[in-house]
Amino acid sequence: MTKDNKEKLCLFFASDYHFEMISLPFISKELKDDKNVVVMTENSLNETVDELLSKINLNNNDRDKLKGINWSAGDFSKLDEVKCANEKGKKSVVFVKGKENYISDVNKSMEGLVSSGNVKVIDCYDINEVHKDVGNIVKNYGQVLFTSGIEKLL
């Protein structure tokens, strides 16, 4: 495993709600650490996030910060937000959720930003789509995000 792979993160989810249950605690922590959080997704998560946030115990400030994230689908203009934060020296966390081609396209669009060291990317795969290839996918990553946090792979 290369040094670059050790730094890369991925996440596997079974549904939009499952993705949100895994990512929301991590996102909340990153927001408290004043990081910019962007969700690049092929499908809109607005409804499921709203429903989930209405059911979990959060203070209003934390709930508002999470609702302030753009959970809409596919808008590559979200990368401008990452570029702007990067120019200001602010760290960003970008969740890239979608099919393998979408993840690959978004990652290619962010190569220059990631190399700055201020951008952490978490590639998020639908386990129902990639279940036969999980072993091969994991070889490209050094860490996996679970509900309990980040776990390093051997």
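All values derive from a computational prediction rather than experimental measurement. Numbers here simply count residues along the sequence, with the first being 1. Scope of the values below: all heavy atoms of this structure, side chains included, with no hydrogens, waters or symmetry mates.
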Taking distance alone, no hydrogens or angles, what donor-acceptor pairs closer than 3.5 Å link side-chain atoms of residues 82-91 to residues at least two apart or in another chain?
| unit_1 | atom_1 | unit_2 | atom_2 | d |
| --- | --- | --- | --- | --- |
| Asn86 | OD1 | Ser116 | OG | 3.1 |
| Asn86 | OD1 | Asn118 | ND2 | 3.2 |

**OP:** Hey, could you give me each pair passing salt bridge (charged side-chain N to carboxylate O under 4.0 Å, His left out) that has a residue in residues 52-68? Not counting sequence neighbours.
**Re:**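 Sorted pair list: Lys32-Asp62, Glu51-Lys55.
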Subject >> Sequence neighbours excluded - salt bridge (charged side-chain N to carboxylate O under 4.0 Å, His left out) pairs with any residue from residues 97-122 >> reply: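 Applying salt bridge (charged side-chain N to carboxylate O under 4.0 Å, His left out) to every pair that reaches into residues 97-122, excluding sequence neighbours, yields Asp16-Lys97.
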Which atom pair, heavy atoms only, marks the closest approach of [X] to [Y]?
X     : Y      : answer
Leu79 : Ser109 : CD1-CB, 3.6 Å
Gly98 : Glu129 : O-OE1, 4.5 Å
Met40 : Phe76  : CE-CA, 3.9 Å
Lys8  : Asn140 : CD-O, 3.5 Å

**OP:** Please name all residues satisfying side-chain hydrogen bond (donor to acceptor under 3.5 Å, both in side chains) with Asn60, sequence neighbours left out, ordered by chain then number.
**Re:**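 In terms of side-chain hydrogen bond (donor to acceptor under 3.5 Å, both in side chains), with neighbours along the sequence ignored, Asn60 is linked to no residue.
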Original post:
Got a sec, which residues hit side-chain hydrogen bond (donor to acceptor under 3.5 Å, both in side chains) with Asp33, two or more places apart in sequence or on another chain?
Top reply: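 Checked Asp33 against side-chain hydrogen bond (donor to acceptor under 3.5 Å, both in side chains); matches are Lys29.
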Subject >> Exam field: side chain Ser28 to backbone Leu24, donor-acceptor pair closer than 3.5 Å >> reply: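 No; judged by distance alone, with no hydrogens or angles, the pair does not exist.
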**OP:** May I ask you to decide if Ser72's main-chain N or O and Lys78's side chain share a donor-acceptor pair within less than 3.5 Å?
**Re:**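 A pair under 3.5 Å: yes.
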Value rounded to 0.5 Å, distance of [atom1] in [X] from [atom2] in [Y]:
X      : Y      : atom1 : atom2 : answer
Thr48  : Phe19  : OG1   : CZ    : 9.0 Å
Asn46  : Ile69  : CG    : CD1   : 11.5 Å
Asp126 : His18  : CG    : NE2   : 10.5 Å
Ser15  : Ile127 : OG    : CD1   : 12.5 Å
Asn128 : Phe13  : CG    : CZ    : 8.5 Å

**OP:** Carefully, step by step, assess Val38 and Asn70 under the rule side chain to side chain contact (heavy atoms under 4.5 Å, CB included).
**Re:** CA-CA 7 Å; Val38 173; Asn70 183 348; over 6 Å; no
Original post:
Quick one: are Val94 and Val119 in side-chain contact, heavy atoms under 4.5 Å?
Top reply: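 Val94 reaches Val119 side chain to side chain.
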Original post:
Is there a side-chain contact between Leu9 and Val144, using heavy atoms and a 4.5 Å cut-off?
Top reply: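 Leu9 vs Val144: side chains apart.
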Original post:
Passes side chain to side chain contact (heavy atoms under 4.5 Å, CB included), Leu145 versus Phe95? Steps please.
Top reply: CA-CA 11 Å; Leu145 179 61; Phe95 286 82; 3.9 Å; yes
**OP:** State plainly whether one hydrophobic cluster holds both Tyr102 and Val134, where clusters connect Ile, Leu, Val, Met, Phe, Trp and Tyr through side-chain heavy atoms under 4.5 angstrom apart.
**Re:**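 Yes, Tyr102 connects to Val134 through the hydrophobic network.
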**OP:** Decide whether Tyr17 and Leu11 are clustered together by the hydrophobic rule: side chain heavy atoms of Ile, Leu, Val, Met, Phe, Trp, Tyr closer than 4.5 Å, transitively.
**Re:**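 No, separate clusters.
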Subject >> Pairs flagged by ring-ring contact (aromatic ring centres under 6.0 Å, His included) wherever residues 117-136 is involved - sequence neighbours left out >> reply: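 Counting only pairs at least two positions apart or across chains, the ring-ring contact (aromatic ring centres under 6.0 Å, His included) contacts touching residues 117-136 are Phe12-Tyr125.
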Side chain to side chain contact (heavy atoms under 4.5 Å, CB included) partners of [X], counting only residues at least two apart:
X      : answer
Thr147 : Ile22
Val49  : Glu20, Leu45, Leu53, Trp71
Ser77  : Asp75, Asp80
Ser54  : none

**OP:** Quick one: list whatever passes ring pair (Phe, Tyr, Trp, His ring centres under 6.0 Å) with Phe26, sequence neighbours left out.
**Re:**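 Expected list: none.
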Subject >> Matching residue for Ile122 among Val39, Val96, Val93 - test: side chain to side chain contact (heavy atoms under 4.5 Å, CB included) >> reply: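 Of the listed residues Val39, Val96, Val93, the side chain to side chain contact (heavy atoms under 4.5 Å, CB included) partner of Ile122 is Val93.
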Original post:
For Lys35, what residues pass the salt bridge (charged side-chain N to carboxylate O under 4.0 Å, His left out) criterion, not counting sequence neighbours?
Top reply: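 Here the qualifying residues are Glu30.
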Original post:
Judged by modelled atom types alone, do Asn59 and Asn61 share a side-chain donor-acceptor pair under 3.5 Å?
Top reply: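 Asn61 and Asn59 do not have a side-chain donor-acceptor pair below 3.5 Å.
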